[in-house]
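Read the numbers this way: they start at 1 and go in the same order the structure lists the ligands and their atoms.
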Amino acid sequence: MQKPKIVAIYGSPRRTGNTAALLKKAVEGARGYGAQIEEIVLRDLKISPCLEIYGCTQSGECAIKDDFQKVRDKIMDSQGLMLASPVFFYSVSSHTKILMDRFQSLWVKKNWVQKSTKNQQGIKRKGLLISVGATRGKKLFDGMLLSVRYFFDVLDMELWKALLYRKLDFQDDVLKHPEYLEEAYTTGKAFAQAIEKDFNG
Ligand SMILES: Cc1cc2nc3c(=O)[nH]c(=O)nc-3n(C[C@H](O)[C@H](O)[C@H](O)COP(=O)(O)O)c2cc1C
């Protein structure tokens, strides 16, 4: 049986902050289930913002050559994505947004160049969003959820689940909530299981 292939993206500029700790737990849970996980720390990569030159209209390939292609290929080769980003001004972090915008080349490929971006089996990928914010307002995650849903759509991905935690601000705040870390672990495991069920029947 094929192991679920998952990409885990650390989208915070803080290497060991709240979203990183939660994602690490989700990765542990999925690995424990037997998933093959590729971890990507965006702050370690060189990815330019989209320059809106639309070089991608020729073939759907982004004209800017940097670490984006590496990340894109890994996601395209995967069946699931765990995306972790803190709330920054009611949206995703800049690192995450830069990556999302570069996927406009894929949108162009799908909509203008007309090539399928589905994974090899033709099944929708699954996405798990992990986010935290310092405040506790009802609408704290609304902006992020809208952006992420649309981004996942471009990746032929459904938002399988979102783990969203309020009132976490300082670097280690999440450590005061072992129940959040436990939830991330069990969710990571369930995520791998759900992917395996979809892809292996
Ligand atoms: C640039 C910036 C913008 C932020 N914007 C918000 C915000 O709009 N709402 C909020 O509740 N917290 C906001 N925060 C706080 C972070 O979401 C919070 O510190 C979070 O715990 C950081 O997660 P991390 O440790 O994974 O980086 C902001 C922090 C920064 C640095």
Side-chain angles (χ1 to χ4, degrees), residues 6-32 35 37-51 66-68 70-72 74-75 78 80-104 126-152 155 157 159-192:
I6 296 170
V7 173
I9 294 188
Y10 294 81
S12 171
R14 265 183 189 159
R15 271 180 212 291
T16 55
N18 298 306
T19 50
L22 289 160
L23 180 55
K24 214 161 146 254
K25 281 287 167 194
V27 165
E28 263 176 53
R31 265 207 190 112
I37 319 238
E38 188 79 47
E39 289 173 272
I40 296 172
V41 181
L42 290 182
R43 68 160 286 161
D44 290 342
L45 303 182
K46 294 266 176 285
I47 302 182
S48 159
C50 171
L51 299 177
D66 56 16
D67 288 333
F68 166 69
K70 200 163 60 183
V71 178
R72 180 204 57 198
K74 283 181 174 153
I75 294 176
S78 76
L81 172 66
M82 294 176 174
L83 178 65
S85 167
V87 174
F88 280 4
F89 287 95
Y90 285 84
S91 185
V92 292
S93 68
S94 317
H95 288 79
T96 308
K97 186 62 164 58
I98 284 173
L99 177 71
M100 285 162 82
D101 287 355
R102 289 289 296 282
F103 272 97
Q104 177 68 358
K126 290 195 190 302
L128 168 64
L129 171 67
I130 296 178
S131 186
V132 310
T135 54
R136 59 193 173 93
K138 200 167 147 251
K139 295 186 173 175
L140 182 56
F141 299 103
D142 285 8
M144 165 172 306
L145 280 167
L146 203 55
S147 297
V148 168
R149 272 185 207 283
Y150 188 70
F151 170 55
F152 280 3
L155 301 175
M157 185 179 283
L159 177 62
W160 175 78
K161 190 167 181 168
L163 292 178
L164 309 171
Y165 302 107
R166 292 172 166 82
K167 290 175 78 179
L168 299 179
D169 197 4
F170 298 108
Q171 180 141 341
D172 290 334
D173 276 358
V174 75
L175 304 182
K176 294 176 212 147
H177 293 275
E179 71 281 14
Y180 295 172
L181 296 165
E182 178 60 28
E183 188 180 23
Y185 181 88
T186 52
T187 301
K189 192 172 163 182
F191 186 60

Exercise for the section: Please identify which atoms of ligand 1 are closer than 4.0 Å to at least one heavy atom of Val132. Expected result: 17 (O), 20 (C), 21 (O), 23 (O)
Practice task
Say whether Val87, considering both its backbone and side-chain N or O atoms, lies within less than 3.5 Å of an N or O atom on ligand 1.
Solution key: yes
Practice task
Considering only non-hydrogen protein atoms, determine which one is nearest to atom 11 (O) of ligand 1 and report residue, atom name and distance to 0.1 Å.
Solution key: Thr135 OG1, 2.6 Å
Practice task
Mark up the atoms of ligand 1 that fall under 4.0 Å of a heavy atom belonging to Tyr90, in ascending order.
Solution key: 8 (O)
Exercise for the section: Give the residue, atom name and distance (to 0.1 Å) of the protein heavy atom nearest atom 21 (O) of ligand 1. Expected result: Leu168 O, 2.7 Å
Fill in the blank from the handout: Nearest heavy-atom contact between Ala35 and Ile6 is CB-CD1, 3.9 Å
Practice task
Answer yes if the side chains of Gln171 and Thr16 hold a donor-acceptor pair under 3.5 Å, and no otherwise.
Solution key: yes
Exercise for the section: Give the numbers and elements of all ligand 1 atoms closer than 4.0 Å to a heavy atom of Leu140. Expected result: 9 (N), 10 (C), 11 (O)
Exercise for the section: Give the residue and atom name of whichever protein heavy atom lies nearest to atom 23 (O) of ligand 1, and the separation in Å to one decimal. Expected result: Pro86 CB, 3.3 Å
Practice task
Return a yes/no value for Arg14: is any of its N or O atoms, backbone included, closer than 3.5 angstrom to an N or O of ligand 1?
Solution key: yes
Problem - Check: Leu81 and Leu155 side chains under 4.5 Å, non-hydrogen atoms - result: yes
Handout entry: Geometric class of the Phe191/Trp160 ring pair [parallel <30°, tilted 30-60°, perpendicular >60°]
Key = tilted
Practice task
Could you give me the CA-CA distance, side-chain angles and deciding distance for Arg102 and Val71, then say whether side-chain contact (heavy atoms from CB on, under 4.5 Å) is met?
Solution key: CA-CA 11 Å; Arg102 289 289 296 282; Val71 178; over 6 Å; no
Problem - Steps toward side-chain contact (heavy atoms from CB on, under 4.5 Å) verdict (Val132, Val174) - result: CA-CA 9 Å; Val132 310; Val174 75; 5.8 Å; no
Fill in the blank from the handout: The atoms of ligand 1 lying under 4.0 Å from a heavy atom of Phe89, numbered in the order shown, are 3 (C), 4 (C), 5 (N), 6 (C), 7 (C), 8 (O)
Problem - Interfacing atoms of ligand 1 (cut-off 4.0 Å, heavy-atom, Gly133) - result: 11 (O), 17 (O)
Handout entry: Inter-residue atom distance Lys97.NZ - Asp101.CG, 0.5 Å rounding
Key = 3.5 Å
Handout entry: Numbered atoms and elements of ligand 1 in range of Gly17, under 4.0 angstrom, heavy atoms
Key = 25 (O)
Exercise for the section: Could you list the atoms of ligand 1 found under 4.0 angstrom from a heavy atom of Ser12? Expected result: 24 (P), 26 (O), 27 (O)
Problem - Nearest candidate to atom 1 (C) of ligand 1, where distance is taken over non-hydrogen atoms, out of Tyr10, Phe141, Phe170, Phe88 - result: Phe88
Handout entry: Close N or O approach (Ala134, ligand 1; < 3.5 Å)
Key = yes
Problem - Sidechain N-carboxylate O distance under 4.0 Å for Arg15, Asp44 - result: yes
Handout entry: Qualifying residue for side-chain hydrogen bond (donor to acceptor under 3.5 Å, both in side chains) with Tyr10, from His95, Glu39, Arg43
Key = Glu39
Exercise for the section: Look at Lys25 together with Glu28 and state whether they make a salt bridge at an N to O cut-off of under 4.0 Å. Expected result: yes
Problem - Per atom 18 (C) of ligand 1, closest listed option by heavy atom (Asp169, Thr19, Asp172, Ile130) - result: Asp169
